[in-house]
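Structure, as structure tokens:
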Amino acid sequence: MQQTTRIYEELQRYAHGDAAWTGMYDRFVARLAALEAGNSAPRPGTTFPDLHLPDHLGRYRSLAEIRAASPVVLSFVRGTWCPFCRAELADWSDHLAALRAAGGQLVVVVGEISGGADRVHAALGEEAIVLCDVDHGAALDLGLAHHVGTELLRRYLDAGLNLTDVYGTDSGILPIPATFLLDQTAMVREAFVDPDFRVRARAETMVEALRQL
């Protein structure tokens with residue numbers, strides 16, 4: 001946990017105008033956009049595939065079983081080491097009561113190992129379900145994963161972030177943060193997929209979309 005906090009603090013420098021981080025992130029996002037990263041992810045009006053993943057307690061859960069109870073907001077995040085993911089989780093923490101009142105539930109998918117799913121669950125509490133995407137298998141199948149690239153990989157290492165330690169694989173793969181609103185038939189009603197990991201779906205917007213179902 002101490003290492004995760006130190007990495008988070010280093011990467012948070014971006015938010016305070018660090019030009020080196022800003023330029024590197026801009027180049028990284030431009031490369032992903034040129035590769036059309038995320039373009040093959042599920043779109044509104046399509047059926048979202050079922051997922052079978054362990055939750056933060058190691059119990060395998062089916063997305064079909066979860067959404068049978070109520071519509072689902074499904075969010076893929078990179079992990080608690082990422083300042084932008086922490087901001088997204090904080091946003092959802094503030095809107096979980098509204099989501100529940102609108103008749104929905106939050107499911108977060110994260111590939112972090114070594115207690116990563118536990119940290120996400122602790123940030124959200126019992127209102128949310130956290131699923132573990134080991135080796136980014138689900139993200140890859142959904143078109144929501146990409147190689148980090150040598151420049152960013154080197155800069156992360158300099159900052160103390162070794163993705164092999166975070167995800168348990170030396171593939172250099174990162175998920176594309178994405179948020180989907182699924183109704184009880186598995187149809188995608190809303191989808192927010194942007195290769196720019198600095199931009200996230202607003203919880204308030206997803207809750208309002210749920211109210212319109």
Side-chain angles (χ1 to χ4, degrees), residues 38 40-80 82 85-145 167-168 175-194 200-213:
S40 62
R43 298 294 179 184
T46 65
T47 298
F48 199 94
D50 193 16
L51 302 179
H52 293 80
L53 297 170
D55 65 13
H56 74 290
L57 295 176
R59 303 169 300 190
Y60 270 83
R61 306 289 300 273
S62 162
L63 183 58
E65 163 256 318
I66 296 170
R67 63 172 170 73
S70 66
V72 165
V73 173
L74 179 67
S75 182
F76 285 77
V77 300
R78 307 200 301 173
T80 52
C82 172
C85 290
R86 287 203 185 188
E88 179 185 346
L89 294 174
D91 186 27
W92 272 114
S93 181
D94 291 340
H95 288 84
L96 282 175
L99 179 66
R100 182 180 66 252
Q105 56 186 328
L106 177 66
V107 178
V108 176
V109 180
V110 63
E112 269 190 297
I113 61 170
S114 301
D118 288 328
R119 289 190 290 273
V120 173
H121 188 262
L124 294 169
E126 296 300 326
E127 294 291 333
I129 297 172
V130 180
L131 301 179
C132 309
D133 188 17
V134 180
D135 293 336
H136 308 298
L140 286 165
D141 286 345
L142 293 166
L144 292 173
Y167 297 117
I176 295 175
T179 304
F180 305 89
L181 173 60
L182 313 179
D183 67 18
Q184 289 180 266
T185 71
M187 179 177 290
V188 180
R189 294 303 192 97
E190 296 285 339
F192 187 96
V193 181
D194 192 326
R200 306 298 175 94
R202 294 181 59 193
E204 181 180 11
T205 301
M206 285 293 170
V207 171
E208 182 57 33
L210 174 59
R211 293 192 183 108
Q212 303 304 316
L213 294 186

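Under the side-chain hydrogen bond (donor to acceptor under 3.5 Å, both in side chains) criterion, no residue pair touches residues 132-145, with sequence neighbours excluded. Within the structure, side-chain hydrogen bond (donor to acceptor under 3.5 Å, both in side chains) contacts touching residues 89-104 (residues at least two apart or in different chains) are Asp91-His95, Arg100-Glu127. Contacts classified as salt bridge (Lys or Arg N to Asp or Glu O under 4.0 Å) and involving residues 204-213 (residues at least two apart or in different chains) are given here: Arg202-Glu204, Glu208-Arg211.
Applying the salt bridge (Lys or Arg N to Asp or Glu O under 4.0 Å) test to Arg67 and every residue at least two apart in sequence or in another chain returns nothing. Residues forming a side chain to side chain donor-acceptor pair (under 3.5 Å) with Glu126 (at least two apart in sequence, or on another chain): none. Under the side chain to side chain donor-acceptor pair (under 3.5 Å) criterion, Ser70 pairs with Gln105, not counting sequence neighbours.
In this structure, CG in Leu74 is found 7.5 Å from CG in Leu131, a value given to the nearest 0.5 Å. Here Leu124 contributes atom CG and Ile129 contributes atom CD1; the two are 11.5 Å apart, rounded to the nearest 0.5 Å. Here the CZ atom belonging to Arg119 is positioned 8.5 Å from the CZ atom belonging to Arg86, to the nearest 0.5 angstrom. How far SG of Cys132 is from CG of Asp55: 7.0 Å, rounded to the nearest 0.5 Å.
Looking only at distances, a side-chain donor or acceptor of Asp50 sits under 3.5 Å from a matching main-chain atom of Leu63. The main-chain N or O of Ala68 is found under 3.5 Å from a side-chain atom of Gln184 such that the two form a donor-acceptor pair.
With contacts defined as side-chain heavy-atom distances shorter than 4.5 Å, the pair Val120/His56 does not qualify. Ser75 is listed as a side-chain neighbour of Thr179, based on a closest heavy-atom distance under 4.5 Å. Side-chain contact between Val193 and Phe180: present, with at least one pair of heavy atoms (C-beta onward) separated by less than 4.5 Å. Contact of the Tyr167 side chain with the Glu112 side chain is registered, since non-hydrogen atoms from C-beta on lie closer than 4.5 Å. Between Val188 and Leu182 the shortest side-chain heavy-atom distance falls below 4.5 Å.
Ring pair Phe76/Phe48 is tilted by interplanar angle, where 30° to 60° counts as tilted.
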